[in-house]
2 protein chains.
Amino acid sequence: MPRRVDHAERRGHLVVALLRVAARHGLHAVTMRSVAAEAGVSLRLVQYYFDTKAELLLAALRQLEQQSSQRWAARVAALPQDTDPRAVVEAFLAEALPTDGASRDFHLVWTSYAVLAMTDPDLAAQPFVDGPRRLETHLADILRRAQDQGRLPAGREPAAEATRLLALTHGLGTSLLVGHHSVDTARDAVTYHLDQLFTEVER
Amino acid sequence: MPRRVDHAERRGHLVVALLRVAARHGLHAVTMRSVAAEAGVSLRLVQYYFDTKAELLLAALRQLEQQSSQRWAARVAALPQDTDPRAVVEAFLAEALPTDGASRDFHLVWTSYAVLAMTDPDLAAQPFVDGPRRLETHLADILRRAQDQGRLPAGREPAAEATRLLALTHGLGTSLLVGHHSVDTARDAVTYHLDQLFTEVER
DNA sequence: GCGTATACGATACATTCGTATCACAACATC
DNA sequence: GATGTTGTGATACGAATGTATCGTATACGC
């Protein structure tokens, strides 16, 4: 077999091309031909590595998923063991907000997929509920530990705070993408929220 | 002229058909023909009332905008003059969350448009920044008055709180649409946030 | 060295899309 | 009642898209 290039590697290459097209011109501009052109290969090649367009789209979605959890895990692992809980949460928010170009592209495509999944039942909606749920429980754990250490006011409900954090950053993220917020105003909103969240309260 | 039906009325009829199609099968399923079929008219008619597809899409977007501000204004006008500030904010959130079917459809289509506007420069992105900004300042005004009345703790920053409220409900809304949240969990999150927002704080 | 599975090019096909064209009916104005 | 504007149907056209088909070159097992 003329396995001149690795099969999985070539598929990854095509997926990257898809994501580039989607980030630049939208998910609706993703066609077999546009992906082929972006990757610099023939239409037949895209067909060869992905029998159908649906399969290609799904592969790209799966790669987005794994890329997201990988990046988040790397961010957390890079922090010292005894980092201040607020700093950990801040690291999460920095990752979850589409600030730089790459992050912006990622979130744009992810949101495009989410909107598509709202009406297309064949596209699995599972990633869009499982992923956030994992993040939510993870965040809740962090907050719970912070509370045990006395670094988060007792009045706060860790699970509810995690939900709030996630919804807030998600909302800020899309507001940033459509141009309602700038990177600075979004960051300010996050800082304000964390101030309100972590400052001690006495009734 | 055989003005058997009002021009504007017919256009409105077609726009409604578009929104129904978009809510059911997604904005990508909106074609001249699908809109015609949904409205029960011929393709030629859609062409006649909207020279181009872009014009049809824009008209639908404008109707969404106006429908949104109208509904919000009606909600506020329905409240007694001296309603508790928290109740006013709650009325806003009830309107902004896609709880019932109609509201769900509205938010789904709106989000679809927003995602489209992220990559398509010809589609005006202005509605997606102007609309939220108006709501934000309006909310900030309400909160500021509440603070003057002593019904909102002094530690809160009205403008920042308005931003937070908007981003939170927006994030909860899309989470609801993709199935991450249920109506109940979203409502709980809102209630929790309002509790944290309005309860007195003494340092 | 020969068959065979893998990898890829070129091209064709049916469908769908936005848009254009041709025809005609209804009504208003003079 | 001729005429022109407005409203509506039927159909056509070119472009784009997903997918299928035919052909061929490369490399490996034997």
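Quick note on labels: first sequence line is chain A, next is B, and so on, each numbered from 1. Side chains included, hydrogens not; waters and symmetry mates left out as well; all remaining heavy atoms used.
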**Student:** Taking B/Q147 for its side chain and B/R156 for its backbone only, find out whether a donor-acceptor pair lies under 3.5 Å.
**Tutor:**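 Judged by distance alone, yes, a pair lies under 3.5 Å.
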**Student:** Rounded to whole Å, please give me the gap between CD in A/Q47 and C1' in D/dC22.
**Tutor:**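 Whole-Å distance recorded here is 13 Å.
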**Student:** Is there a side-chain contact between B/T52 and the phosphate of C/dT19, meaning an N or O under 4.0 Å from OP1 or OP2?
**Tutor:**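 Looking at the OP1 and OP2 atoms of C/dT19, one of them is under 4.0 Å from a side-chain N or O of B/T52.
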**Student:** Could you tell me how far apart B/H25 (NE2) and C/dC17 (P) are, to the nearest whole angstrom?
**Tutor:**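 Spelled out: NE2 on B/H25 to P on C/dC17 is 13 Å.
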**Student:** Run the salt-bridge test on A/E90 and A/R75 with the 4.0 Å N-O cut-off and return the result as yes or no.
**Tutor:** no
**Student:** Taking atom P of D/dT17 as reference, at what distance in whole Å does atom NE2 of A/H28 sit?
**Tutor:** 11 Å
**Student:** Rounded to the nearest angstrom, tell me the gap between atom CZ in A/F50 and atom C1' in C/dA7.
**Tutor:** 15 Å
**Student:** In whole angstroms, how far is the P atom of D/dA16 from the CG atom of A/L43?
**Tutor:**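 Distance, rounded to whole Å: 14 Å.
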**Student:** With a cut-off of less than 4.0 Å, is there a side-chain N or O of B/R10 near OP1 or OP2 of D/dG7?
**Tutor:** no
**Student:** What is the distance from OH of A/Y48 to C1' of C/dC8, rounded to the nearest Å?
**Tutor:**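 Between C1' of C/dC8 and OH of A/Y48: 8 Å.
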**Student:** Does A/R71 make a cation-pi contact with A/F106 (under 6.0 Å, within 45 degrees of the axis)?
**Tutor:**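 The answer is yes; both the distance and angle limits are met.
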**Student:** Tell me which of A/L45 and B/D51 sits closer to the 5' end of DNA chain C, going by the nucleotide each one is nearest to.
**Tutor:** A/L45
**Student:** Can you see which heavy atom on B/Y192 is nearest to which on A/G155, and at what distance?
**Tutor:** OH-O, 4.4 Å
**Student:** Find the distance A/L14:CG to C/dC8:P and express it as a whole number of Å.
**Tutor:**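 In whole Å, C/dC8 P and A/L14 CG are 10 Å from each other.
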**Student:** Between A/Y49 and A/H7, how do the two ring planes meet: parallel, tilted or perpendicular, split at 30° and 60°?
**Tutor:** tilted
**Student:** D/dT26 P sits how many Å from A/H7 NE2, rounded?
**Tutor:** 21 Å
**Student:** Using a cut-off of less than 4.0 Å, is there contact between a side-chain N or O of A/Y49 and OP1 or OP2 of C/dA7?
**Tutor:**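 No, no such contact exists.
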**Student:** Does B/R44 get its side chain close enough to the base of D/dG7, under 3.5 Å, for a donor-acceptor pair?
**Tutor:** no
**Student:** Quick check: on DNA chain C, is the nucleotide nearest A/S42 upstream (toward 5') of the one nearest B/K53, or the reverse? Name the residue that is more 5'.
**Tutor:** A/S42
